[in-house]
Amino acid sequence: MTEDARDEVDRLVAAWRVERPDLDVEPLQVLSRVSRLAKHLDRARRAAFAEHALEPWEFDVLTALRRAGKPYELSPGALLRATLVTSGTMTNRIDRLAATGLVRRRPDPEDRRGVLVSLTETGLSRVDAAFSDLLRREHELLSGLAPDQRVALSSLLRSLLAPFDSS
């Protein structure tokens with residue numbers, strides 16, 4: 001490996017190998033890079049959302065509705081499952097999004113006690129614009145990889161994450 005191809009993780013691992021030769025620091029080769037990449041991704045996501053006046057939690061709720069397809073509507077329970085938050089948190093989020101005109105509530109015709117949450121036109125256009133911007137930024141993050149490398153990395157990461165997602 002040339003000095004140009006070395007990164008901060010290479011320097012970190014080398015230092016630990018000197019300081020703690022009794023430990024196998026090999027996991028740092030992968031997981032420190034994943035951690036550092038996650039920080040870059042978080043910055044890109046926050047920038048994309050901020051450019052469209054959205055908080056990350058707002059984007060999560062709006063994209064859950066958008067992925068549901070027309071009429072871009074879900075029950076609060078379905079939104080809970082999609083975003084992995086508590087019911088109190090979801091109620092607060094729906095209230096705040098409704099107050100800003102990004103979603104609306106309506107009675108559930110199938111359940112007289114239930115409600116449905118749907119995207120407004122403003123919510124739909126805002127989430128679509130933010131998602132397009134996010135994808136542009138994510139493509140930039142991956143620009144150093146060839147298409148076949150992206151496929152290989154995706155497959156490896158899927159293998160690593162699958163046991164966590166199934167539990």
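Note that the structure is predicted; figures quoted are calculated from it, not measured. Counting from 1, the numbers follow the sequence of the chain as shown.
- Of the charged side-chain nitrogens involved, at least one lies within less than 4.0 Å of a carboxylate oxygen, so that Asp133 and Arg136 count as a salt-bridged pair.
- Scanning both residues, Phe49 and Pro56, for their nearest heavy atoms gives CD1-CA, 3.7 Å.
- In this structure, the side chains of Arg105 and Leu116 stay at 4.5 Å or more apart for every pair of heavy atoms.
- The CZ atom of Arg36 sits 8.0 Å away from atom CG of Leu12, with the distance rounded to the nearest 0.5 Å.
- Shown here is Glu121, whose CD atom has no more than 12 heavy atoms of other residues, nucleotides or ligands within 6.0 Å.
- In this structure a side-chain-to-backbone donor-acceptor pair under 3.5 Å is present from Thr91 to Ser87.
- Considering all non-hydrogen atoms of both residues, Leu74 and Ala64 come closest at CD1-O, 3.6 Å.
- Looking only at distances, no side-chain donor or acceptor of Thr63 sits under 3.5 Å from a matching main-chain atom of Arg66.
- Put simply, the side chain of Leu80 reaches to within 4.5 Å of the side chain of Val85, judged on heavy atoms.
- With respect to Glu51 and Arg137, a salt bridge is recorded, a charged nitrogen being found less than 4.0 Å from a carboxylate O.
- Here Arg106 pairs with Glu73 in a salt bridge; the nearest charged N to carboxylate O distance falls below 4.0 Å.
- Atom CZ of Arg46 is surrounded by 12 or fewer heavy atoms from other residues, nucleotides or ligands within 6.0 Å.
- Under the 4.5 Å side-chain heavy-atom criterion for ILVMFWY residues, a single connected hydrophobic cluster contains both Leu124 and Leu135.
- Proximity of a side-chain donor or acceptor of Ser118 to a complementary backbone N or O of Tyr72 within less than 3.5 Å is not detected.
- Put simply, the side chain of Leu28 reaches to within 4.5 Å of the side chain of Trp16, judged on heavy atoms.
- Residues Leu141 and Leu41 meet the side-chain proximity criterion, which asks for heavy atoms closer than 4.5 Å.
- Using a distance-only test at 3.5 Å, with no hydrogens or angles considered, no donor-acceptor pair links the side chain of Arg93 to the main chain of Glu58.
- For the pair Thr89/Trp57, no side-chain contact is recorded, criterion being any heavy-atom separation below 4.5 Å from C-beta on.
- Contact check on Asp7 versus Arg33 returns a salt bridge, with a Lys/Arg side-chain nitrogen under 4.0 Å from an Asp/Glu carboxylate oxygen.
- What you find for Gly144 and Gln149 is that their closest heavy atoms are O-OE1, 4.2 Å.
- By the 6.0 Å contact criterion, CD on Glu140 is enclosed, its count of non-hydrogen atoms from other residues, nucleotides or ligands being greater than 12.
- At a threshold of 4.5 Å between non-hydrogen side-chain atoms, the residues Ser75 and Val115 do not count as touching.
- Judged purely by distance below 3.5 Å, without hydrogens or angles, the side chains of Ser35 and Ser32 never pair a donor atom with an acceptor atom.
- The side chain to side chain contact (heavy atoms under 4.5 Å, CB included) test with Val103 singles out one residue from Asp95, Val117, Thr122, Leu79, and that residue is Val117.
- Taking every heavy atom of both residues into account, Val25 and Val13 meet most closely at CG2-CG1, 3.9 Å.
- Checked by atom type and distance alone, the side chain of Ser132 pairs as donor or acceptor with a backbone atom of Asp128 at under 3.5 Å.
- With a 4.5 Å cut-off on side-chain heavy atoms, Glu55 and Arg96 do not count as touching.
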